[in-house]
Every structure is written in C-alpha cells, then in structure tokens.
Amino acid sequence: IKLGLSVRSGLVEISPIADEIAPEDVPELLNSYRKRKRYHRLRNGAFVDVRDLDVSALDEVSADLGLSVADVDKGSVQVPAFEAYYLDSQVEDEDKDDSFLAYLQDVKAVDPRTYELPKNFEGVLRPYQTEGFRWLNALCDKGFGGILADEMGLGKTVQLLSFLCGRIEESRKVGPNLIVCPASLVYNWAAECSKFAPDLRVSVVAGSKAERRAMLRNPEAADVLITSYDLLRRDVEDYTGIECFSMVLDEAQYIKNHATLSSRAVRAISARHRYALTGTPIENRLSELWSIFDVLM
C-alpha cells in the first residue's frame, strides 16, 4: 500500500493506493488486513493474499502526523498544507499529482516579479531586505508562519513593515495586524511605523486597563495594534472575537518557554498569519525553537 498526494482547497489530501487494485477496493482491503484475515476478495472477483500486504508506509505517515489509522484506511484524509514538505520526502514522485508538485514548486522557487515593493519602500530596502519582503509574502500566500531571523541591526522591522504595507488592502478586509514586543520597544515600533509606513493607521494598546479595553472595542479603526507581551497577557480576554490579519512577535525569544503565561496568551490570539522576529531563535536548547513554531503553526 502506497500513498497518493494531491492538493485540494488549500489542504494536502493523502490517499492510500495500491498497484493493480482499483482505488475503491483499497479501504476494504485494509479493513481485511486490520482484522487479520488471510484473503480478501476484490470487487472484480480476484483474491488477494493479505499476508503479502505491506502497510508500513501508511502506518509511518499516520504515526508521524498523528492521524488515526482508521481514518486513513477509509480513504482520503486532508492535512494542513505545511505538511507537504514532510510528505514530499515520504512519497515517490510518480504518486504525487500535478496539483501537489505545483504547490511545492511555488514556494521553493519564488519568482521575484510576483511581489513588487510598495512605492514608499523602493530605494529604501537593501537587496537582502527585498528578498525578505518577498519571502514573507510567499509564506503569507501559502498559509505558513515563519521566523525572520536576521541579526540585530539588519532591518527586520523595515522588512516586516514593507510586507504590511503591501498587504494593506487585503488586511483591511479581515482585521488589524497585531505586533507584540517587549515593553521597551512598543513606542519604538510606533515611531518606525510613522517613519517608514505613514499610510498605516497605528494604535498603541497601552495606558490604563480602561484605555486599553476601549481601544480593543473598535479594532477595525487601526491597521496595526502594538502592545507588549506583559499587557497582552493581562488583556488576552479582551482580544476574544477579534480576528487579526497577522500577528507579529518581535524578540520572539520571549516565548521560548511554551508553558509561560505569555506563550499561552499569544497562542490564544486569532490570526490568519503569524510571524516571529528574532536574531536568537535558539539561545540554549532546541525546545525554544519548537516553542516559537508551536505558536507560528
């Protein structure tokens, strides 16, 4: 038993298939295998010796993706698009349909002509920053989260702002962009928005509890909300019902421990797209990187 891969409605579809056996026969064949039967009769009258069945590929993928074996046995199962990269390495090319191959190629090779810089950033960004702008847009279009991990002083902020400006009309149809950062950087972000992206309507969610709550009652009035990790942790219930176009975590090492209240707060935010900015995605151990991706994905 092998796996066939395709992409349907932005999700990867996994289907159990077998050489010389009709697709509609495969679920019942697997059912006979799970029941430890010796033979299985196909719809065309032929018999299969079930002892010859090898389902290791099916079971390995099911275990790795946390899928129910019973669900996979029944036929097609859909998983999030980002699993395409894992599945690409598990399945032979002949068992991937054109939609799956095209999906992978779109992200592996980003055409520079696909994403043009907003006018106010032309001549401002350096070549590597322009590449970062295109990368952020490619992630957005494919529904991925990602870490922009340029070192300190290389302009992560301006790259992110160029992305937000390029998506301003799209984001206004969904909701605000939420930037979460250390308290010491909240007003620095507001100043950078004013300098590089004056077209963005920016609200700093700070001040007293009553002031912060009042700002969050009318989130559509802002293109960008800026708050700190500490204030988000205190206000997380006030964000209930607010859908953000994107959430940006600056100095994302602040959530390197997935069990902290700050990590739980950012995971509670409803956002279509999630990005992290940090020059140190790993400071001491691999679990810190895992914690960031647990939020992003």
Side-chain angles (χ1 to χ4, degrees), residues 1-108 139 141-147 258-259 263-264 267-268 270-274 285-297:
I1 300 290
K2 304 183 296 180
L3 296 174
L5 301 175
S6 58
V7 174
R8 301 278 185 272
S9 302
L11 298 171
V12 176
E13 194 167 273
I14 305 171
S15 306
I17 57 177
D19 289 335
E20 301 177 11
I21 294 178
E24 58 269 20
D25 274 327
V26 173
E28 288 303 318
L29 175 59
L30 285 166
N31 184 48
S32 295
Y33 173 81
R34 303 297 181 192
K35 291 181 177 179
R36 300 176 182 268
K37 293 184 178 179
R38 183 169 179 179
Y39 296 103
H40 175 80
R41 185 172 184 173
L42 302 176
R43 299 184 186 191
N44 64 6
F47 283 87
V48 176
D49 189 337
V50 179
R51 295 173 300 176
D52 293 338
L53 215 59
D54 179 2
V55 301
S56 57
L58 186 69
D59 288 349
E60 181 180 353
V61 166
S62 299
D64 286 351
L65 297 184
L67 301 174
S68 162
V69 171
D71 288 342
V72 179
D73 285 357
K74 291 176 184 176
S76 299
V77 173
Q78 292 184 323
V79 298
F82 64 79
E83 301 290 10
Y85 288 89
Y86 160 75
L87 291 165
D88 183 41
S89 66
Q90 299 297 109
V91 176
E92 297 295 329
D93 285 346
E94 63 189 34
D95 298 322
K96 304 166 188 171
D97 81 354
D98 290 342
S99 65
F100 184 87
L101 294 172
Y103 176 87
L104 282 178
Q105 186 60 26
D106 263 2
V107 177
K108 287 181 177 179
L139 293 184
D141 284 341
K142 292 303 173 183
F144 287 3
I147 301 176
H258 77 282
S263 291
R264 294 177 186 175
R267 286 201 297 270
S270 174
R272 292 195 180 183
H273 309 285
R274 296 165 178 248
R285 56 187 65 87
L286 190 61
S287 61
E288 297 168 357
L289 183 64
W290 182 94
S291 178
I292 297 174
F293 271 106
D294 185 47
V295 172
L296 297 181
M297 304 183 80

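Annotation: the span from Ile1 atom CD1 to Asp19 atom CG amounts to 9.5 Å, rounded to 0.5 Å. Distance CG/Asp54 to CG/Asp52: 10.0 Å, rounded to 0.5 Å. Note that NE2 of His273 is 13.0 Å distant from CG of Leu296, once rounded to the nearest 0.5 Å. Taking CG of Asp73 as the start and CG of Leu67 as the end, the distance is 11.0 Å to the nearest 0.5 Å.
Considering every non-hydrogen atom in both Ala84 and Tyr103, the closest pair reads CB-CE2, 3.9 Å. Minimum heavy-atom separation, Val72 to Pro16: O-CG, 3.4 Å. Closest non-hydrogen pair, Gly146 versus Leu139, comes out as CA-CD1, 3.8 Å. In this structure, Ser6 and Asp97 approach most closely via the heavy-atom pair CB-OD2, 3.0 Å. The two residues His40 and Ser32 come nearest to each other via the heavy atoms ND1-OG, 2.7 Å. Annotation for Val61 and Leu3: closest pair CG2-CD1, 3.4 Å, computed over non-hydrogen atoms.
Remark: Lys74 NZ is loosely packed, at most 12 non-hydrogen atoms of other residues, nucleotides or ligands lying under 6.0 Å away. Annotation: Asp98, atom CG; neighbour count of heavy atoms from other residues, nucleotides and ligands within 6.0 Å does not exceed 12. Taking a 6.0 Å sphere around CD of Glu20, one finds it holds 12 or fewer heavy atoms contributed by other residues, nucleotides or ligands.
For Pro27, the side-chain contact (heavy atoms from CB on, under 4.5 Å) criterion is met by no residue, not counting sequence neighbours.
A 4.5 Å side-chain heavy-atom check between Arg51 and Tyr39 finds at least one atom pair inside the cut-off. Put simply, the side chain of Phe82 does not reach to within 4.5 Å of the side chain of Val12, judged on heavy atoms. Considering only heavy atoms from C-beta on, Pro23 stays 4.5 Å or farther from Ser15 through its side chain. Side-chain contact check for Arg43 versus Glu24: some heavy-atom pair is nearer than 4.5 Å. Tyr86 has its side chain within reach of Leu65: a pair of non-hydrogen atoms, C-beta onward, lies under 4.5 Å apart. In this structure, the side chains of Val79 and Leu87 come closer than 4.5 Å at one or more pairs of heavy atoms. Contact annotation: the side chain of Val26 approaches that of Ile21 to within less than 4.5 Å [non-hydrogen atoms, C-beta and beyond].
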Report task. Could you please spell out the steps behind the side chain to side chain contact (heavy atoms under 4.5 Å, CB included) verdict for Glu83 and Ile14? Result -> CA-CA 11 Å; Glu83 301 290 10; Ile14 305 171; over 6 Å; no
**Report entry** Test side chain to side chain contact (heavy atoms under 4.5 Å, CB included) applied to Leu5 and Asp95, step by step
**Finding:** CA-CA 6 Å; Leu5 301 175; Asp95 298 322; over 6 Å; no
Report task. Step by step, work out the side chain to side chain contact (heavy atoms under 4.5 Å, CB included) result for Val48 and Asp25. Result -> CA-CA 11 Å; Val48 176; Asp25 274 327; over 6 Å; no
Query - Stepwise side chain to side chain contact (heavy atoms under 4.5 Å, CB included) test for Lys2 and Glu92 - result: CA-CA 9 Å; Lys2 304 183 296 180; Glu92 297 295 329; over 6 Å; no
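Remark: the backbone N or O of His258 is paired with a side-chain donor or acceptor of Arg267 at under 3.5 angstrom. A distance-only check finds a donor-acceptor pair linking the side chain of Lys96 to the backbone of Asp88 [under 3.5 Å].
The existence of a salt bridge linking Asp59 and Arg34 is confirmed by a sub-4.0 Å separation between a basic side-chain nitrogen and an acidic carboxylate oxygen.
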